[in-house]
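These notes are about the structure you will find just below.
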Amino acid sequence: LPDEPRITYEMLYEQAVQAYTDERWAECHGLMLRAVDDWQYFSGVQVLCRRKCNAAADVGVEYPNDDVDNFRFFEHALRNAYCLLRCERQRFGGRPEGLDPAIMKKFQEREHYDYLQICAFKLGKIAEAVSYAYTFLMGNLGHDVMISNLQFYRSHADVTPDMFVDTLMDEYKKEFLNALEHYDTGNYELTASVLELVLTEYLQALGDCRLLCEGPYAERNDKYDMYIAISNHFLQTLRCKDACNARATAVYDKLYPELLSNIYHYLQYCYFKTGDHRNAGAAVESYLHLNPDDADMQFNKEFYVQTGADESYFVVRPEAVKFRRFRDHLARLLDYDEYTFSNIAVTIYDSDLGIDVSDTDDITWGALGADDAAVAADEQVKRADGPEEAPEEAAARRRRQEETQRDYGARGVHVEFTEKENNVSKRFLAGGFASEAECRQLVQLAEDGVQLGDGYRPDDPYIHSQSEQFAGMTPGRGYRLARDGAVTPEVVNLFLRLGEQVREFMESYFALRTRLYFTYTHLVCRTAVAGRQYDRGDDMSHPIHGDNCILKSDGSCAKEPPAYTWRDYSALLYLNDDFEGGDFVFADSRKHVIAQVKPHCGRVVSFSSGEENLHGVRAVTDGRRCAIAMWFTLDPRHDEIERVEAEREIASMLELARENERHSEL
Ligand SMILES: O=C(O)CCC(=O)C(=O)O
Ligand SMILES: [Fe+2]
């Protein structure tokens with residue numbers, strides 16, 4: 001075990017990059033070397049475990065890693081996935097993708113009939129209510145509450161036995177009941193023929209039901225069908241394995257086309273020289289197996305034979321067979337996936353990317369180049385503020401957005417300060433996004449989250465200053481705390497909802513032409529460490545920086561990794577003012593402050609994330625300063641998956657609570 005298991009290469013890397021940015025060269029050097037060590041340890045463990053477990057997971061059949069026979073399954077899945085995407089795209093058209101698996105499950109389990117029965121009952125439609133209740137029960141046999149509901153209905157004067165019908169009953173079940181009647185009347189020939197029919201239909205229904213199971217994986221925020229999800233993952237591993245070739249054949253600064261062939265080339269010569277004709281023959285044959293058209297080696301082979309080598313020496317070595325099988329198969333599969341997307345579904349679904357998504361029954365593999373996809377995606381991002389929008393569309397959008405602005409105004413949101421460049425807003429300051437009570441709840445949530453373990457760690461690399469603790473909570477952590485009962489789902493919902501309001505406001509305020517997506521959300525507090533406040537000098541809570549670029553010492557800001565280059569807009573929703581210091585500041589490229597903002601509850605500062613908005617936070621010298629920090633993107637590929645998942649899970653927790661209430665009312 002490493003000395004400090006909680007310090008990862010990732011943290012060290014980020015710290016090193018920060019040190020680099022701040023031109024603390026010695027620290028950068030030291031930290032990056034520690035990162036190298038930890039990465040080696042980390043990747044070594046992964047290889048060890050994957051190899052060990054593959055061997056240990058014995059089921060009587062061997063499934064070695066990287067054996068091409070195991071690709072067959074995935075190849076089938078891959079074709080299946082492409083077909084599914086096209087087929088559904090054609091039939092569903094503009095239907096929103098990625099429907100909520102939780103609601104899908106409710107429909108499969110007839111949950112909606114529970115609502116239906118209550119609504120029908122309240123409307124005085126007794127017969128309907130009974131059939132809906134009964135239909136629900138048939139999908140949820142033994143459901144206590146519904147059984148007692150039905151007992152209640154039975155005692156109702158207007159209820160008759162014929163109302164107890166399963167409105168969703170499959171035909172084959174009805175036919176089965178008919179068959180039993182024929183049987184009772186002794187008509188066996190008819191019984192048999194009906195039962196044959198029932199059998200066929202039953203198997204068909206069973207098959208249909210099983211197919212409905214191939215939906216999205218409900219546990220993760222993965223909205224794709226099973227095969228699509230597997231394929232995405234599989235393609236990712238394939239591309240990764242393909243890249244291994246280049247990595248494995250680079251020797252110093254030279255890239256050998258294929259190291260194994262090279263080695264055989266050397267070997268055949270060495271063995272020939274040592275008089276080991278058997279091994280020389282095997283090396284020649286192995287080389288030719290990998291490079292069948294190599295005229296020089298064919299010439300060598302003839303020469304060896306003429307000088308007395310036995311034909312039987314020319315056998316391909318087993319590892320060459322294996323190597324070539326893998327190589328050819330990989331090439332073939334990657335050929336299908338010529339348009340190496342990180343995620344096949346994103347591309348096929350997203351008609352906005354300007355890609356032809358028409359469903360052709362013969363699937364053409366590799367119809368698109370990788371660059372096409374990338375360029376199309378880039379263009380979409382540019383379109384967000386680019387000129388291509390029909391005038392009437394633009395006018396309609398602006399009307400909607402101005403209406404949103406008025407709505408927020410009516411709810412108490414007011415813009416205090418704004419700054420434009422070429423008539424385009426680049427930053428604003430507004431108030432009224434949260435009430436005092438809401439702010440208090442969220443500060444409490446942040447404190448609970450911190451006490452329960454996240455955020456503050458003595459070794460946390462995100463501490464920008466030794467004089468402050470920096471601790472936060474993401475939406476996912478909020479959800480997990482709610483799930484474990486440590487905080488209420490309501491307060492986590494508040495956290496998410498206030499953020500969403502800021503997002504909606506920004507989208508209209510910045511007059512965006514495409515949707516603004518969350519990409520990262522962090523409820524975060526900076527707490528002054530008592531006794532470490534003397535002599536802070538220029539020390540800031542958060543040094544001047546750009547949110548999507550790396551600020552260089554010459555004042556330029558490089559929009560390149562490891563910066564979060566996809567971040568397009570930023571916002572901070574402040575939650576309190578009972579602390580000293582902590583002003584938010586905008587700065588110019590020489591780090592001179594050009595504007596400053598005092599945080600207080602409900603106040604939002606928002607800006608485009610680039611070098612036009614360099615900013616920082618002044619030292620917090622007493623107390624705790626809390627805010628919801630949010631970053632946004634116009635690129636749907638960087639949507640904040642954790643938030644989407646947390647929103648869904650919290651919504652279903654709240655729904656469940658309401659449902660329990662509803663059941664106890666009846
Ligand atoms: O908390 C603030 O006011 C600003 C924080 C910030 O700029 C950041 O986290 O990137
Ligand atoms: Fe920032």
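Counting convention: from 1, in listed order, for ligands and their atoms alike. Throughout, residue positions are numbered sequentially from 1 according to the sequence presented.
A donor-acceptor pair is defined here as one N or O able to donate and one able to accept, closer than 3.5 Å; no such pair exists between the side chain of Asp583 and the backbone of Arg618.
Neither the backbone nor the side chain of Val605 has any atom closer than 4.0 Å to an atom of ligand 1 (non-hydrogen atoms only).
With the Fe ion (ligand 2) as the vertex, NE2 (His615) and OD1 (Asp547) define an angle of 90°, rounded to 10°.
The closest approach between any non-hydrogen atom of Arg526 and ligand 1 is below 4.0 Å.
Listed by number with element, the atoms of ligand 1 under 4.0 Å from a non-hydrogen atom of Arg625 are 1 (O), 2 (C), 3 (O). When each atom of ligand 1 is checked for a heavy atom of Tyr574 under 4.0 Å away, the hits are 2 (C), 3 (O). Of all the atoms in ligand 1, the ones that sit under 4.0 Å from a non-hydrogen atom of Val617 are 1 (O), 2 (C), 3 (O), 4 (C), 5 (C).
Taking the six-membered ring for Trp and thresholds of 30 and 60 degrees, Phe433 and Tyr408 have ring planes inclined between 30 and 60 degrees apart.
Using a 4.5 Å heavy-atom threshold, the side chains of Met630 and His522 count as separate.
Here His542 fails the criterion, with no N, O or S atom under 2.8 Å of the Fe ion (ligand 2).
Taking distance alone, with nitrogen or oxygen atoms compared against 3.5 Å, Trp631 stays at or beyond that limit from ligand 1.
The side-chain hydrogen bond (donor to acceptor under 3.5 Å, both in side chains) with Glu640 is formed by just one residue from the set Thr521, Thr633, Thr474; it is Thr521.
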Requested in this report: Show your reasoning for whether side chain to side chain contact (heavy atoms under 4.5 Å, CB included) applies to His615 and His545.
Outcome: CA-CA 6 Å; His615 60 279; His545 64 280; 3.0 Å; yes
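Aromatic pair Phe518/Trp631: ring centres not closer than 6.0 Å.
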